[in-house]
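Read through the structure below, which is laid out as structure tokens, and then see the notes.
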4 protein chains.
Amino acid sequence: MTKTRREQAEWRREQLLDAALKVFAAKGVDGASVKDIAEAAGVTPGLLYRYFESKEALVTTLLSERGFLPQLRELLTADHRGRPAVEMLTELLGAFDALLADNADLMAVFFGATQARAALAELVGEGQRLIGDFLAARVAEGELRPHDTATAARTLFATVAVSRRTGSPLDVARLVELLFPHER
Amino acid sequence: MTKTRREQAEWRREQLLDAALKVFAAKGVDGASVKDIAEAAGVTPGLLYRYFESKEALVTTLLSERGFLPQLRELLTADHRGRPAVEMLTELLGAFDALLADNADLMAVFFGATQARAALAELVGEGQRLIGDFLAARVAEGELRPHDTATAARTLFATVAVSRRTGSPLDVARLVELLFPHER
Amino acid sequence: MTKTRREQAEWRREQLLDAALKVFAAKGVDGASVKDIAEAAGVTPGLLYRYFESKEALVTTLLSERGFLPQLRELLTADHRGRPAVEMLTELLGAFDALLADNADLMAVFFGATQARAALAELVGEGQRLIGDFLAARVAEGELRPHDTATAARTLFATVAVSRRTGSPLDVARLVELLFPHER
Amino acid sequence: MTKTRREQAEWRREQLLDAALKVFAAKGVDGASVKDIAEAAGVTPGLLYRYFESKEALVTTLLSERGFLPQLRELLTADHRGRPAVEMLTELLGAFDALLADNADLMAVFFGATQARAALAELVGEGQRLIGDFLAARVAEGELRPHDTATAARTLFATVAVSRRTGSPLDVARLVELLFPHER
DNA sequence: CATGAATGAGTATTCATTCAT
DNA sequence: GATGAATGAATACTCATTCAT
């Protein structure tokens, strides 16, 4: 029942990564001190340096070892043949969503600035609401076909914002054409 | 031509906010020191405290005064009647995109973690590519109608991710139905 | 009577150098902490960094600004003509000795290892004594002319040791010939 | 061929002292960490404490066990009768010089301050050169008898410096009289 | 209005040492 | 005998903030 040295070391390493992930997510990478992490792991700061070269190494290790890109890849490349695309797609995106939820802490590390989070939420919320209102009005006037305007607004807003942030330019006309094909 | 006291004070305040925004965007809020900001403004750190109570106040001021939510609001609530919805929507999203581009520095403050940026870009890139491949395969098989699969993939990915991040739950089925109505 | 800012800064700088020199001499450069130096100056450690970039900069500044090489140079190159060489030389070496005494703290910085100082003193003491005994015996036997054997021993020992330490090889035969010319 | 327990222990002890001496000489006592020494000996830091109570004990052991005072004593007290003093003295000092060379590492431990070594060398070099110039000038003027002025300068400089450093006061007049007897 | 000297609390990191295995 | 996990205290250095000038 007792651990061997090797097991104990592996366990401690994981425990430290767990603690670091949690603390980084809560306070941001810069906002979290090595002492914070050590305390969260019930350990002295010095011990951290037996397992990781530096605080920065902790971050990069977290990003590489705890990154969920492999899972994402597996998820999306599995053999999906023989089942209806729409059903399949729904399941797929659901799984992707769940993956993000499971890795909420890591996602939080990607987005630092704890302080600005509320302001960001407000911006996103209002943006989506306003676009939704616009769409709903046009549906009411009969110009656009009836559809889930709230979801459409979300889609439009998110796509523009993510494209802008990740640096890959977006052809807005294509996006609109995708959602509202052949409408005039 | 000389400034009044009031004008000079206002000018300095704005100058300090400009400097802070630039430095925050470049180094992250935590990574930027008051000295950094002061230097960027060609001023001593002490002076900052005549205009702002603390470093934190600088951030919140930036978020509230330099937030582009008012512009966004104006943009989306203008009177759009009398012009085709699709044309209008394209213009609207284009303007929104431009607004984000103009406020790139502020957006950078929303998303800190300089260190993780590369990892995030990789995740987003690969995720979108994989979904795109899936869609293209189904179009090739004739199951899905021909469409811009790359843009669709972007849309799906971005919408799921943003929803997860902003905390508002997303009904994935609705999202799929929106993009691929009545397909089976 | 009050100091200008400029004067105060200059004064503080010197005060910090004074404190550093004293502490370095007492504890050795490595043994002395920045906190030690700050305390010796009645100041917070942080302040030190307004005046010097690092602890190392403190050492090099001490070596360059407080080095007494200029004084030594002046001492030895002054115009000595017109006075007997022996008288002059005695005065010169006395002044050199006084210069070293005045800069005892700095000399202590040149020679670190507080711990080994006693052992070194013992080595030097015994070495000189033994050489002195040898010389005295030979004088007693009439082989060497009567002379101040203690001083001769000191001279021989010191010259060999310093040459070895400073890396410039010494021709021992020349040294002996210098002190005991034509004796056999 | 295999070692007894006792022999193995003795061997390890010596090996650790060897490693410590080498590392201390290279990095200075304070600059060398126990880990450095252990690594140099191909061993873990913990093991050091089975053989020596502390890092300090390592230094004092080195100083007492590896001190070459016994050898120096033997060298200088051997029976020298029956051979000319000058020849004997030359041989003696040569052996002393060799002894210092053999124990260069230990000598380096006596003199720490790696940082100041260059400054010290400059001081010594220039000092000896200037005194040499003075002597040469007086020889040229015929006031002093022709002699090896460079060696004399070295002798004078070294003797004053060592005396000052070891704390035993020196009568400068006696030193001059020793080198230049009856000259005026 | 603006400076810059000064502080106090904090930072990441190192290290001598202990001890269970 | 030897290891290596763990600690606690120290280290050099940074930084937000205050305030006399």
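This one's a predicted model, so the numbers in the text were calculated from it and none came from an experiment. A, B, ... follow the sequence lines: proteins, then strands. Residue 1 opens every chain.
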For the pair made of CD in C:Gln15 and P in E:dA5, what is the distance, rounded to whole Å? 14 Å
Rounded to the nearest 0.5 Å, the CG atom of C:Leu17 sits from the CD atom of C:Gln15 at a distance of 10.0 Å
What is the distance from CH2 of B:Trp11 to P of E:dA2, rounded to the nearest Å? 8 Å
Whole-Å gap separating P (E:dT7) and OH (C:Tyr51): 10 Å
Short side-chain N/O contact from C:Arg12 to OP1 or OP2 of E:dA6, under 4.0 Å: yes
Nearest to the C:Thr44 side chain among E:dA5, E:dG8, E:dA16, which nucleotide is it? E:dG8
Rounded interatomic separation in angstrom, taking OH from A:Tyr49 and P from E:dA12: 6 Å
5' priority, DNA chain E, between C:Arg5 and D:Gly31 [closest heavy atom]: C:Arg5
Go nucleotide by nucleotide along DNA chain F from the 5' end; which of D:Gly42 and C:Asp36 gets its closest nucleotide reached first? D:Gly42
Could you spell out the base pairing of DNA chain F in dot-bracket, with Watson-Crick or G-U pairs whose two distances are under 3.5 Å, [ ] crossing and | to another strand? .||||||||||||||||||||
For A:Leu48 and E:dA12, give me the distance from atom CG to atom C1', rounded to whole Å. 11 Å
Working to the nearest 0.5 Å, report the span between CG of C:Leu21 and CD of C:Glu14. 11.5 Å
Minimum heavy-atom separation for B:Leu62 and B:Phe24, please, with both atom names. CD2-CD1, 3.6 Å
In terms of side-chain geometry, is the basic nitrogen of B:Glu7 or B:Arg12 positioned less than 4.0 Å from the acidic oxygen of its partner? no
In this structure, how many angstroms lie between the P atom of F:dA5 and the CD atom of A:Glu7, rounded? 14 Å
Please name the pair of heavy atoms, one in C:Leu16 and one in C:Ala41, separated by the smallest distance, quoted to 0.1 Å. CD2-CB, 3.7 Å
I want to check one thing: is the phosphate of E:dA12, taken as OP1 and OP2, less than 4.0 Å away from some side-chain N or O of A:Lys55? yes
Which of the following nucleotides, F:dC13, E:dA5, E:dT17, is nearest to the side chain of D:Val34? E:dT17
Mapping C:Gly46 and A:Leu47 onto DNA chain E by nearest heavy atom, which one lands closer to the 5' end? C:Gly46
Which of these passes side chain to side chain donor-acceptor pair (under 3.5 Å) with B:Arg66: B:Asp18, B:Asn103, B:Asp105? B:Asp18
Sugar-phosphate, base or nothing in reach of D:Ala38, heavy atoms under 4.0 Å: nothing
Please give, in whole Å, the distance from E:dG4 C1' to C:Glu10 CD? 16 Å
Closest contact, heavy atoms only, B:Leu58 versus B:Ala20: CD2-CB, 3.6 Å
Using whole Å, what does the distance between atom C1' of nucleotide F:dT3 and atom NZ of D:Lys35 come to? 15 Å
I need the minimum non-hydrogen distance between B:Val34 and B:Pro45, along with the two atoms involved. CG1-CB, 4.0 Å
Does E:dT21 have OP1 or OP2 sitting under 4.0 Å from an N or O in the side chain of A:Gln8? no
Mind checking if B:Ala57 touches a base, just sugar-phosphate, or nothing, with heavy atoms under 4.0 Å? nothing
